[in-house]
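Presented below is the structure to which this report refers.
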Amino acid sequence: MIIVTKKSSKDEDVERLKQKIEELGLKAHISKGSRRTIIGVIGDIDKKIEKIDPVAVFSLDKAVDSVHRVSKPYKLASRENKDYDTIIDVKGIKIGGENFTMMAGPCSVENREQMLTTATGIKKCSAHILRGGAFKPRTSPYTFQGLGEEGLKLLKEAGEKTNMPIVTEVMNPKDLDVVLKYADILQIGARNIQNFSLLKLVGQTDKPVLLKRGMATTIQEFLMSAEYVMSEGNADVILCERGIRTFETATRNTLDISAVPVLKKETHLPVIIDPSHAAGKREYVPALARAAIAAGADGLLIEVHYNPAIAVSDAAQQLTIEEFCELMEDIKKIAAVVGKVIQ
Ligand code: PEP
Ligand code: MN
């Protein structure tokens with residue numbers, strides 16, 4: 001249930017409503033907009049208030065403008081809860097709203113030279129945020145698993161030298177503390193999309209969370225995972241579509257481009273596309289990236305390596321720096337047409 005306060009409502013009114021909600025054994029999520037406050041009531045209200053209409057209970061309060069039953073199972077993530085786009089600020093880089101944000105970098109952090117050369121190259125072509133995996137979710141236990149904390153240090157060093165915030169995956173709750181020491185954005189990988197204990201833990205941090213859709217996750221399940229993070233108090237969730245499993249084998253996954261307009265309708269959270277893990281082959285990445293911005297995405301997450309031929313993971317899908325720079329030229333042109341701003 002969502003409670004919308006009157007424009008004239010004061011802080012003490014919101015506090016009174018919050019107390020009333022908590023006395024019922026429910027949780028209140030307060031979202032203070034510039035003109036009104038929206039209170040999300042979390043918990044099963046029908047179980048808590050028997051025989052009385054919960055909408056009526058709150059509608060009678062003098063500070064309440066309207067009360068809405070949220071029909072969606074996700075409440076905090078829903079546009080019904082918040083009708084304006086969430087804009088997440090990461091060290092001055094804005095994600096969401098009219099902004100189009102480029103996140104790029106190698107699949108895995110491999111060494112200092114690789115990180116610095118790649119970061120410097122992509123920064124020159126307007127990349128905003130540097131990516132790189134230090135804890136890698138690999139299908140085979142015998143392949144490169146990531147450099148761990150050493151990799152986080154190299155990623156941070158490259159981010160600082162090129163003045164870019166960094167995004168990196170946290171795979172295991174036991175690694176969260178070390179990742180928190182370095183990362184500006186916590187990435188939850190496709191394979192962990194329904195690792196609810198991990199989602200709750202990142203929901204208790206103050207770092208934005210980049211949530212990747214699982215390869216067999218419906219949009220509703222995806223949004224419920226975002227809800228897990230948000231219900232712990234962290235509202236800064238970035239959704240990332242990265243391709244889903246279909247019968248098609250020409251590409252590694254099938255980019256679900258329709259997820260962009262569907263998510264944009266359903267949620268106020270920023271939506272970005274990872275065309276690299278969707279395509280699995282570098283030659284298809286630019287077309288998918290162009291489609292993403294044209295469809296209304298808020299940004300891209302692209303794998304780039306200064307020399308993909310020697311990459312230790314996902315060599316086939318990483319763009320060269322030159323390819324990334326060429327793609328950026330197209331992205332800028334499409335941004336102008338669809339009304340997106342590249343910082
Ligand atoms: C990644 O971005 O490094 C990654 C492993 O992607 P995904 O979780 O989408 O497979
Ligand atoms: Mn990868």
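Both ligands and their constituent atoms are indexed starting at 1 by order of listing.
Atoms of ligand 1 lying under 4.0 Å from at least one heavy atom of G189, given by number and element, are 8 (O). Below 4.0 Å from some heavy atom of R191 lie the following atoms of ligand 1, by number and element: 7 (P), 8 (O), 10 (O). Less than 4.0 angstrom separates some heavy atom of K136 from each of these atoms of ligand 1: 3 (O). Listed by number with element, the atoms of ligand 1 under 4.0 angstrom from any heavy atom of A190 are 7 (P), 8 (O), 9 (O).
Figure legend: K153 and Y182 shown without cation-pi pairing, the cationic atom not lying both under 6.0 angstrom from the six-membered ring centre and within 45 degrees of its axis.
At a 4.0 Å heavy-atom cut-off, ligand 1 touches P137 through the side chain alone.
A donor-acceptor contact closer than 3.5 angstrom is absent between the side chains of Q317 and Y284. Between the side chains of H128 and T101, no donor-acceptor pair is found at a separation under 3.5 Å.
Here K136 does not pair with E169 in a salt bridge; the nearest charged N to carboxylate O distance is not below 4.0 Å. Taking 4.0 Å as the cut-off between side-chain N and carboxylate O, E266 and K72 count as a salt-bridged pair. Residues R213 and D256 are paired through a salt bridge, judged by an N-O separation under 4.0 Å between the basic side chain and the carboxylate. The pair R290-D330 counts as a salt bridge, with a side-chain nitrogen and a carboxylate oxygen less than 4.0 angstrom apart.
The closest approach between a heavy atom of M215 and any atom of ligand 1 is not below 4.0 Å.
Among the atoms of E169, none of the N or O lies under 3.5 angstrom from an N or O of ligand 1. Inclusion of D274 in the set of residues having an N or O under 3.5 Å from an N or O of ligand 1 is not warranted.
Among all protein heavy atoms, the one lying closest to atom 6 (O) of ligand 1 is K212 NZ, 2.9 Å. Remark: minimum distance from atom 9 (O) of ligand 1 to any protein heavy atom is reached at R242 NE, 2.7 Å. The nearest heavy-atom contact from the protein to atom 4 (C) of ligand 1 is H277 NE2, 3.5 Å.
Protein atoms of type N/O/S that fall under 2.8 Å from the Mn ion (ligand 2) number 4 in this view.
Residues that satisfy the ring-ring contact (aromatic ring centres under 6.0 Å, His included) test with Y228, not counting sequence neighbours, are F196. The salt bridge (charged side-chain N to carboxylate O under 4.0 Å, His left out) check on E22 picks up K18, with sequence neighbours excluded.
Screening residues 296-343 for disulfide bond (SG atoms under 2.5 Å apart), with sequence neighbours left out, gives C125-C325.
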Stepwise salt bridge (Lys or Arg N to Asp or Glu O under 4.0 Å) test for R131 and E303: CA-CA 8 Å; R131 65 148 284 148; E303 286 191 342; 3.4 Å; yes
